[in-house]
Every structure is written in C-alpha cells, then in structure tokens.
Amino acid sequence: NIHVHSNGYIIFLGYCISLLIKAKLLIKITRIADDSLISRNKFFSKNLRLTFKRILLKLICQSNFVVLHCLTQSAKLASFTFTKNIVVFPNLTKSRSKTKIIKDEKTILITSRMIKRKNIDHTLDLIIIHNIHNEYKVMIIGDGPELTKLKNKYKRYKNIIFKGLINSEEISHYYQKSEFFINLSSSEGMSNALIEAMVNGCKPIVSDIPENRDTAKSHAVFYNKGDSFKKLF
C-alpha cells in the first residue's frame with residue numbers, strides 16, 4: 001500500500017508510483033470544504049487550479065486500485081461524487097495521564113495551526129467582546145503563518161497567552177489542566193486536537209460543522225454565528 005494525504009502533487013506522485021510498482025493507493029481526505037479537494041457544495045470552483053486538481057482526483061479515483069480514506073461518515077458521504085471505493089478509519093488517541101486529571105478552573109485551551117480557516121482571531125474577538133478574558137486564562141498553542149500577526153494584535157491582553165510550538169509532553173500537560181477547549185475553525189477532518197481534548201476531560205466548544213458533530217457527538221457544545229457565545233460556557 002501507498003498512503004498519501006489529500007495534496008494534489010503528492011496524490012499524483014503516489015498514483016504514478018502505484019502504477020509502477022502495482023501497489024494499492026490510499027488517499028486520506030483530511031477535510032471537506034469549499035477550498036478543499038473534496039467539497040460538499042460545488043465541484044467547480046472560481047479557483048481554476050483547484051478545479052483542475054478535483055478533476056484529476058476524480059480521474060485517479062476511477063482506478064480500481066485507488067481507495068479514498070475518510071476520517072468521518074460525513075466525509076464518506078461527500079466523497080461519493082468521486083468514488084464508491086471508500087474506507088472509513090478515524091483518528092484515535094488515548095490519555096497519557098496515569099493519575100486522576102485535576103482541572104485548573106476558568107482555563108481555556110486553543111491548540112491549532114495558525115492559519116486563516118482556523119478562525120483564531122474570530123475566537124479571541126468573541127472572548128474579548130464578552131469579557132471572558134477578564135475571568136478566564138486563555139492558552140494558545142501552535143505555529144503557522146498567522147502567529148506573529150495574532151500575537152501583535154492581542155499582546156495587550158495579559159490573560160491571552162501564545163505559547164507557539166511546544167513539544168508533545170507539554171501539550172499533554174495543557175490538555176490535562178485546561179477546563180475548556182475551543183475550536184471554531186470553518187472546516188476540519190476529524191480533529192486530533194478535539195479528540196485529545198475530550199480524552200483529557202476538557203469541555204469542548206467547537207464550530208457546528210458535520211465533522212465536529214461526527215467526532216464529538218454529545219460530548220461538546222456546538223457554536224454557530226449569532227449564538228450567544230458566553231452562554232455556551
């Protein structure tokens with residue numbers, strides 16, 4: 001088997017190698033959104049490059065040795081326009097804590113790659129508008145192209161702390177200690193961060209998208225624009 005993520009160039013490269021060595025190609029679909037390779041709504045995009053990649057993916061998926069690897073049932077349903085040859089295999093994790101987890105009250109954890117679709121600025125704006133930052137300590141973990149801009153925008157708020165990129169043991173400590181976990185991203189696959197948060201007993205507040213509902217089920221509160229954000233706590 002050859003297992004690749006849903007990146008256009010990597011898929012094409014994996015397909016060529018699969019043909020050469022007669023291997024099965026598994027293409028992991030990490031998220032479903034208008035700007036991803038598989039979309040719920042429109043196949044043809046204003047972005048011609050993205051449309052070309054979708055056409056290429058659809059052609060590749062016609063080969064009987066190609067399988068789409070989906071993380072959630074909702075991703076499976078969206079992928080039917082490309083192929084019926086689909087396997088659903090979710091992300092999994094377990095708590096690293098060997099003792100009873102004791103939470104620090106009034107703490108919020110945000111762990112994410114700092115990119116636009118993760119909506120970190122929107123999340124922090126909501127926290128500030130509702131004066132939640134005056135009561136709660138907000139820890140933000142992750143690196144990415146938006147990090148410097150975000151740090152500069154929110155540097156005057158002493159309870160909003162950017163930790164940047166840290167090692168996995170430190171991240172586990174924050175999952176174990178934080179009371180709330182927030183992820184208001186506009187699209188996800190099956191979020192590793194959300195799974196880690198639930199396993200470690202955080203109270204998740206997450207965007208109301210199908211993949212988050214598949215992942216969290218009844219173990220999270222779901223946010224839609226226009227909801228009273230503070231009431232979700």
Side-chain angles (χ1 to χ4, degrees), residues 5-6 28-36 38-41 68-79 86-97 100-127 130 132 136-142 168 171-233:
H5 279 226
S6 53
K28 183 179 182 182
I29 301 303
T30 50
R31 65 189 185 93
I32 308 288
D34 288 344
D35 59 344
S36 64
I38 289 184
S39 169
R40 268 179 233 290
N41 302 318
L68 280 187
H69 165 195
C70 296
L71 299 172
T72 62
Q73 290 291 347
S74 57
K76 177 184 176 181
L77 294 173
S79 298
I86 297 170
V87 60
V88 179
F89 188 83
N91 291 332
L92 302 169
T93 190
K94 63 180 180 179
S95 176
R96 301 182 195 189
S97 176
K100 184 179 178 181
I101 294 173
I102 299 171
K103 296 290 184 182
D104 292 337
E105 291 186 357
K106 293 191 177 293
T107 52
I108 294 170
L109 179 65
I110 299 170
T111 61
S112 174
R113 179 154 167 74
M114 300 294 135
I115 54 178
K116 286 185 178 180
R117 72 175 175 85
K118 296 292 186 175
N119 296 327
I120 306 297
D121 52 349
H122 176 60
T123 305
L124 294 177
D125 287 345
L126 286 170
I127 286 170
H130 294 281
I132 293 165
Y136 291 78
K137 189 174 184 179
V138 185
M139 304 300 298
I140 304 157
I141 295 171
S168 59
I171 293 172
S172 292
H173 168 79
Y174 285 109
Y175 278 122
Q176 288 162 21
K177 288 296 183 182
S178 300
E179 183 181 7
F180 289 90
F181 168 82
I182 302 180
N183 179 347
L184 304 186
S185 96
S186 56
S187 64
E188 285 289 342
M190 188 176 198
S191 169
N192 287 323
L194 174 54
I195 296 169
E196 291 271 10
M198 292 192 296
V199 163
N200 286 288
C202 300
K203 302 167 185 173
I205 298 173
V206 295
S207 49
D208 192 358
I209 55 177
E211 282 69 41
N212 281 346
R213 284 201 172 268
D214 282 353
T215 305
K217 297 184 167 48
S218 62
H219 303 290
V221 170
F222 298 96
Y223 168 76
N224 287 287
K225 284 184 179 178
D227 287 350
S228 176
F229 188 67
K230 195 162 188 178
K231 282 186 179 179
L232 301 180
F233 286 81

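Residue indices begin at 1 and follow the sequence shown. Only heavy atoms go into these numbers, but all of them, side chains included; no hydrogens, no water, no symmetry mates.
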Completion exercise
Between the CD atom in Gln176 and the CD atom in Glu196, the distance rounded to the nearest 0.5 Å is 9.5 Å
Exercise for the section: List the steps, then state whether side-chain contact (heavy atoms from CB on, under 4.5 Å) holds for Ile182 with Ile127. Expected result: CA-CA 11 Å; Ile182 302 180; Ile127 286 170; 4.2 Å; yes
Exercise for the section: Evaluate the criterion side-chain contact (heavy atoms from CB on, under 4.5 Å) for residue pair Leu109 and Ile140; output intermediate values, then yes/no. Expected result: CA-CA 6 Å; Leu109 179 65; Ile140 304 157; over 6 Å; no
Exercise for the section: Would you give the length of the straight line joining atom CG of Leu194 to atom NE2 of His219, rounded to the nearest 0.5 angstrom? Expected result: 10.5 Å
Problem - Distance in Å, Ser178 OG paired with Ile101 CD1, rounded so as to fall on 0.5 Å steps - result: 11.0 Å
Handout entry: Shortest non-hydrogen separation from Leu184 to Val206 and the atoms involved
Key = CD2-C, 4.0 Å
Practice task
Calculate, to the nearest 0.5 Å, the distance between atoms NZ and NE2 belonging to Lys116 and His122 respectively.
Solution key: 15.5 Å
Problem - Exercise: identify the closest heavy-atom pair between Thr72 and Gly189 - result: CG2-O, 3.9 Å
Problem - Heavy-atom check, side chain of Pro210 versus side chain of Gln73, under 4.5 Å - result: no
Practice task
Determine whether more than 12 heavy atoms belonging to other residues, nucleotides or ligands lie under 6.0 Å from atom NZ of Lys230.
Solution key: yes
Practice task
First locate atom CG of Asp125, then atom OG1 of Thr123, and finally report the distance between them rounded to the nearest 0.5 Å.
Solution key: 8.5 Å
Handout entry: 4.5 Å side-chain heavy-atom contact, Lys177 and Thr107
Key = no
Handout entry: Lys28, NZ: over 12 other non-hydrogen atoms inside 6.0 angstrom
Key = yes
Practice task
Would you indicate whether Lys103, at its atom NZ, is surrounded by more than 12 heavy atoms from other residues, nucleotides or ligands within a distance under 6.0 Å?
Solution key: yes
Practice task
Using the side chain to side chain donor-acceptor pair (under 3.5 Å) rule, pick out the option among Thr111, Asn200, Thr93 that qualifies with Tyr175.
Solution key: Thr111
Exercise for the section: Could you please spell out the steps behind the side-chain contact (heavy atoms from CB on, under 4.5 Å) verdict for Leu71 and Asn91? Expected result: CA-CA 7 Å; Leu71 299 172; Asn91 291 332; 3.6 Å; yes
Handout entry: pair Ile110-Asn183: side-chain heavy atoms closer than 4.5 Å
Key = no
Exercise for the section: Before accepting this row, confirm whether a basic side-chain N of the pair Arg113/Glu188 lies closer than 4.0 Å to the acidic partner's carboxylate O. Expected result: no
Problem - Sub-4.5 Å side-chain heavy-atom contact between Pro204 and Met198 - result: yes
Problem - Over all atoms of both residues, closest heavy-atom pair of Ser39 and Asp34 - result: OG-OD1, 3.3 Å
Problem - Lys203/Glu179 ion pair, N-O < 4.0 Å - result: yes
Completion exercise
For Lys118 and Ser112 the tightest heavy-atom approach is CG-OG, 3.1 Å
Problem - Heavy-atom side-chain proximity of Ile132 to Phe233 below 4.5 angstrom - result: yes
Problem - Short side-chain to backbone donor-acceptor contact, Asp208 and Phe222, under 3.5 Å - result: no
Exercise for the section: Verify, without hydrogens or angle tests, whether Arg117 (side chain) and Ser187 (backbone) share a donor-acceptor contact under 3.5 angstrom. Expected result: yes
Exercise for the section: Determine the minimum heavy-atom distance between Thr215 and Ser191, stating which atoms define it. Expected result: OG1-N, 4.4 Å
Handout entry: Under 3.5 Å donor-acceptor, Asp214 side chain and Ser74 backbone
Key = yes
Practice task
Please examine the side chains of Leu68 and Val87, heavy atoms only from C-beta on, and report whether any two atoms are closer than 4.5 Å.
Solution key: no
Exercise for the section: Could you tell me whether a side-chain N or O of Ser207 sits under 3.5 Å from a main-chain N or O of Ile209, the two making a donor and an acceptor? Expected result: no
Fill in the blank from the handout: Heavy atoms of Met190 and Pro90 approach each other most closely as SD-CB, 3.3 Å
Exercise for the section: Go through Phe229 and Leu232 one step at a time and tell me if the side-chain contact (heavy atoms from CB on, under 4.5 Å) criterion holds. Expected result: CA-CA 5 Å; Phe229 188 67; Leu232 301 180; 4.0 Å; yes
Handout entry: From His173 atom NE2 to Ile141 atom CD1, the distance as rounded to the nearest 0.5 Å
Key = 9.0 Å
Exercise for the section: Anything under 30° is parallel, anything over 60° is perpendicular, the rest tilted; go ahead and classify Tyr136 against Phe180. Expected result: perpendicular
